[in-house]
Novice: 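The structure that follows is given in the form of structure tokens.
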Amino acid sequence: MLDAKFLRNDIEQTAELLKKRGFDLDVNLLSELEEKRKSLQISTENLQSERNTRSKDIGQAAKRGEDIKPLREAMNELSDALEKAKEEFAVVSEQIKTISDRVPNLPHESAPIGKDESENVEVLTWGTPKQYDFAVKDHVELGEALGGLDFKSAVKISGSRFIVMQGQIAKLHRSLAQYMLNLHTNDHGYTEMYVPYLVNADSLYGTGQLPKFGDDLFNTNPATEEGIGMSLIPTAEVPLTNMSRDVIYDESDLPIKMTAHTPCFRSEAGSYGRDTRGLIRQHQFDKVEMVQLVHPDKSFEALEELTGHAEQVLKNLELPYRKVVLCTGDMGFSATKTYDLEVWLPAQDTYREISSCSNVGDFQARRLQARFRRSGAKKPELLHTLNGSGLAVGRTLVAILENYQCADGRIEVPAVLQSYMGGLTHIG
RNA sequence: GGUGGGGUGGCCGAGUGGCCGAAGGCGCUCCCCUGCUAAGGGAGUAACGGGUUUAUAGCCUGUUCGAGGGUUCGAAUCCCUCCUCCACCGCCA
């Protein structure tokens with residue numbers, strides 16, 4: 001959520017910034033609604049004030065033993081007027097909220113301007129894709145041949161976009177998550193967290209999945225009148241970031257760095273036909289997520305650091321990757337600036353996203369009322385939130401299968417994972 | 001799942017229809033006293049929003065006593081629904 005003051009006082013400039021990310025803000029409509037809101041709010045509050053003083057008078061008159069009947073009757077008219085004013089105000093407020101809830105965050109000036117992913121800017125590449133003296137296979141072929149990836153059973157049990165893993169591949173998958181958690185907690189200063197996988201609507205609203213992106217979520221049966229029960233988390237960013245909801249931290253508490261390994265559930269509405277083959281786009285996948293709650297002066301610094309933590313995983317696994325900064329048109333709803341890390345997949349002969357690291361600024365914090373108090377200051381201020389994958393476990397598995405494949409179809413186990421695999425050097 | 005008791009300001013805790021945004025205490029801030037990290041005295045101290053404003057100062061005003069709805073001229077107080085905490089029972093990985 002943007003600061004309401006932007007939409008009131010700097011609406012032209014705000015609209016200009018939003019245009020950079022392809023969002024068309026209806027300035028005329030919003031200004032008109034805003035004007036209505038203002039006058040309705042003033043008249044409503046005047047009526048309330050009038051009611052309050054008159055009610056007090058009635059109380060005092062009653063105490064003196066006077067006849068209060070005429071006073072009460074006179075109030076009826078006022079009450080009617082007040083009720084009507086309140087209703088009109090509520091309607092306009094709701095209209096404004098409906099619009100402003102769907103306005104994305106303002107892009108940071110350092111985010112390149114562009115309309116879609118084709119205009120993302122490569123920052124660096126790391127590592128050199130291996131040359132193979134045999135025809136490379138993709139992870140589906142490799143995994144099935146090894147008996148470790150079982151798409152057929154998954155379809156039977158659940159449907160498409162699910163996976164059953166088995167044996168050493170399942171263990172490798174688990175080892176990856178363990179390795180990532182250990183790296184972030186031991187070397188990068190994060191606190192390991194275990195969090196709920198089902199969350200309430202308030203949490204989803206807090207991090208920005210609702211109201212706009214409800215279709216991407218798996219919901220449990222409606223438990224409330226609004227028809228929103230608990231939802232399966234689409235990312236651990238939701239429970240982790242919501243830790244800060246309605247909390248006022250001391251300045252000295254910051255930064256708070258949390259990491260968690262969770263499954264993530266996404267309906268992938270609107271992505272029919274994309275990446276239907278393999279593990280790239282699943283309804284259920286594991287991810288190790290990093291979240292930071294930081295001082296607003298330090299959030300862009302923290303973005304570099306957090307992205308570096310995700311990069312470190314790829315480096316330690318010796319997986320070639322590239323880092324891109326997303327252009328304004330390709331950024332997520334809540335982000336001010338986002339780096340994507342894309343890992344090299346030899347079978348696709350291209351880089352594919354494996355991590356997305358964003359500075360959200362105060363956008364989530366405003367909805368969450370996540371604040372801190374500067375030492376000595378009286379008023380709390382909004383803090384800044386960041387999140388990033390460190391990494392998507394399933395996609396990392398894909399990258400390992402494909403990058404570490406041998407001519408005979410076996411998979412070499414990356415050096416840092418061998419101890420997790422009981423010393424195993426090859427799968428198959 | 002059952003029964004009973006709770007949810008009030010930074011914290012504790014009073015408050016069953018108007019004089020309550022809310023006693024009292026703790027904490028905190030300022031001042032006084034005191035030759036010193038004690039004791040005492042006094043004053044102040046909720047949050048959020050709107051309007052005005054250069055102003056996150058002041059002034060005016062609204063809302064908020066777990067959440068939402070209702071009754072009433074008027075609700076922390078009465079009614080309904082929900083959430084949540086505690087205790088005991090049941091069940092259970």
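Below, read A as the first sequence line, B as the second, and so on, with proteins coming before strands; counting in each chain starts at 1.
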Novice: Need the pair for B:C19. Rule: Watson-Crick or G-U wobble, both distances under 3.5 Å, any strand; none if unpaired.
Specialist: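 Its partner: none found.
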
Novice: With respect to the phosphate group of B:U52, does any side-chain polar atom (N or O) of A:K38 fall under 4.0 Å of OP1 or OP2?
Specialist: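 Affirmative; the distance criterion is met.
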
Novice: Taking any heavy-atom pair under 4.0 Å as a contact, classify A:R54: base, sugar-phosphate, or nothing.
Specialist: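 Since no nucleic acid heavy atom lies under 4.0 Å of A:R54, the category is nothing.
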
Novice: For nucleotides B:G25 and B:G13, find the distance between their P atoms and express it as a whole number of Å.
Specialist: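 So the two P atoms sit 16 Å from each other.
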
Novice: Mind checking the C1' distance from B:U63 to B:U3? Whole angstroms is fine.
Specialist: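 Roughly 37 Å separates the two C1' atoms.
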
Novice: May I have the distance from A:Q41 (atom CD) to B:C60 (atom C1'), rounded to whole angstrom?
Specialist: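 Interatomic distance, CD of A:Q41 to C1' of B:C60: 14 Å.
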
Novice: Send over the distance from A:F372 CZ to B:G10 P, rounded to a whole Å.
Specialist: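 Atom-to-atom, A:F372 to B:G10, this comes out as 19 Å.
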
Novice: Just checking, is any N or O donor in the side chain of A:D340 or A:S356 under 3.5 Å from an acceptor N or O on the other one?
Specialist: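 Side chains of A:D340 and A:S356: pair found under 3.5 Å.
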
Novice: Taking the six-membered ring where the residue is Trp, are the ring centres of A:H309 and A:Y190 under 6.0 Å apart?
Specialist: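 Yes, the ring centres sit under 6.0 Å apart.
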
Novice: Specify the separation, in whole Å, of atom CZ of A:R367 and atom C1' of B:C48.
Specialist: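 Rounded to the whole Å, the gap is 18 Å.
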
Novice: Does a side-chain N or O of A:R51 approach OP1 or OP2 of B:U63 to a distance below 4.0 Å, or not?
Specialist: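 So the side-chain polar atoms of A:R51 do come within 4.0 Å of the phosphate oxygens OP1 or OP2 of B:U63, strictly under.
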
Novice: B:G50, OP1 or OP2 - any side-chain N/O from A:R8 closer than 4.0 Å?
Specialist: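 For B:G50, OP1/OP2 do have a side-chain N/O of A:R8 under 4.0 Å.
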
Novice: Without decimals, in angstroms, what is the distance between A:D202 CG and B:U84 P?
Specialist: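 After rounding, the gap between these two atoms is 12 Å.
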
Novice: Take atom P in B:C83 and the same atom in B:U72, then report the distance between them in whole Å.
Specialist: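 The same atom, P, in both gives a distance of 28 Å.
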
Novice: Considering just the side-chain nitrogens and oxygens of A:R371, establish if one lies under 4.0 Å of OP1 or OP2 belonging to B:C48.
Specialist: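 Yes.
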
Novice: Distance check, C1' atoms only: B:C80 and B:A23, in whole angstrom units.
Specialist: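 Roughly 31 Å separates the two C1' atoms.
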
Novice: Atom CG of A:D246 and atom P of B:G9: how far apart are they, to the nearest Å?
Specialist: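 It works out to 13 Å between those atoms.
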
Novice: Among A:V313, A:L314, A:T307, find the residue that satisfies the side-chain contact (heavy atoms from CB on, under 4.5 Å) test when tested with A:E311.
Specialist: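 Passing option: A:T307.
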
Novice: If we take the C1' atom in both B:U34 and B:A39, what is their distance in whole Å?
Specialist: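 About 9 Å, rounded to a whole number of Å.
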
Novice: Check if the side chain of A:Q48 and the base of B:G50 share a donor-acceptor pair of N or O atoms closer than 3.5 Å.
Specialist: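 No, the side chain and the base share no sub-3.5 Å donor-acceptor pair.
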
Novice: Which listed nucleotide (B:U61, B:G74, B:C19) is nearest to the side chain of A:E45?
Specialist: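 In terms of side-chain proximity for A:E45, the closest of B:U61, B:G74, B:C19 is B:U61.
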
Novice: If you assign each of A:L71 and A:P380 to its closest nucleotide in RNA chain B, which residue comes earlier from the 5' end?
Specialist: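 Looking at the nearest nucleotide for each, A:P380 comes out on the 5' side.
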
Novice: Classify the side-chain pair A:D286/A:H173 by whether it contains a donor and acceptor separated by less than 3.5 Å.
Specialist: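 Side chains of A:D286 and A:H173: no pair found under 3.5 Å.
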
Novice: Categorize A:N52 for me: base, sugar-phosphate, or nothing, with a 4.0 angstrom heavy-atom threshold over every strand shown.
Specialist: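 Contact class for A:N52: sugar-phosphate only.
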
Novice: To the nearest Å, how far apart are A:I58 CD1 and B:U72 C1'?
Specialist: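 After rounding, the reported distance stands at 11 Å.
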
Novice: Please tell me if A:S49 has a side-chain N or O lying less than 4.0 Å from either OP1 or OP2 of B:U61.
Specialist: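 No, outside the criterion.
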
Novice: Taking B:U81 as the reference, what is the distance to B:G42 when you measure between their C1' atoms (whole Å, please)?
Specialist: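 Pairwise C1' distance, B:G42 against B:U81, rounds to 49 Å.
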
Novice: Please report the distance separating the C1' of B:G15 from the corresponding atom of B:G68, rounded so that it comes out in whole Å.
Specialist: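 It comes out at 24 Å once rounded to the nearest Å.
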
Novice: Return the 5'-most residue of the pair A:Q369, A:I42 with respect to RNA chain B, ranking by each residue's nearest nucleotide.
Specialist: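 Taking each residue's closest nucleotide, the earlier one in sequence belongs to A:Q369.
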
Novice: Quote, to the nearest angstrom, the P distance that separates B:U61 from B:G4.
Specialist: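 Approximately 46 Å lies between the P atom of B:U61 and that of B:G4.
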
Novice: Mind checking who B:U3 pairs with, Watson-Crick or G-U wobble, both distances under 3.5 Å?
Specialist: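 Result: B:A87.
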
Novice: Could you check how far CD1 of A:I248 sits from P of B:A47, rounded to whole Å?
Specialist: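 The distance from CD1 of A:I248 to P of B:A47 comes to 9 Å, rounded to the nearest Å.
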
Novice: Scan side-chain atoms only and decide if A:H426 and A:E412 contain a donor-acceptor pair under the 3.5 Å cut-off.
Specialist: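 Distance-only check fails for A:H426 and A:E412.
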
Novice: Rounded to whole Å, please give me the gap between CE in A:M230 and P in B:C83.
Specialist: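 From A:M230 CE to B:C83 P: 11 Å.
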
Novice: Strictly by modelled atom types, are A:N219 and A:S231 linked by a side-chain donor-acceptor pair under 3.5 Å?
Specialist: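 Note: A:N219 and A:S231 side chains meet the donor-acceptor criterion.
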
Novice: Is the distance between the ring centroids of A:H283 and A:F218 under 6.0 Å?
Specialist: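 A:F218 vs A:H283: aromatic centres under 6.0 Å.
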
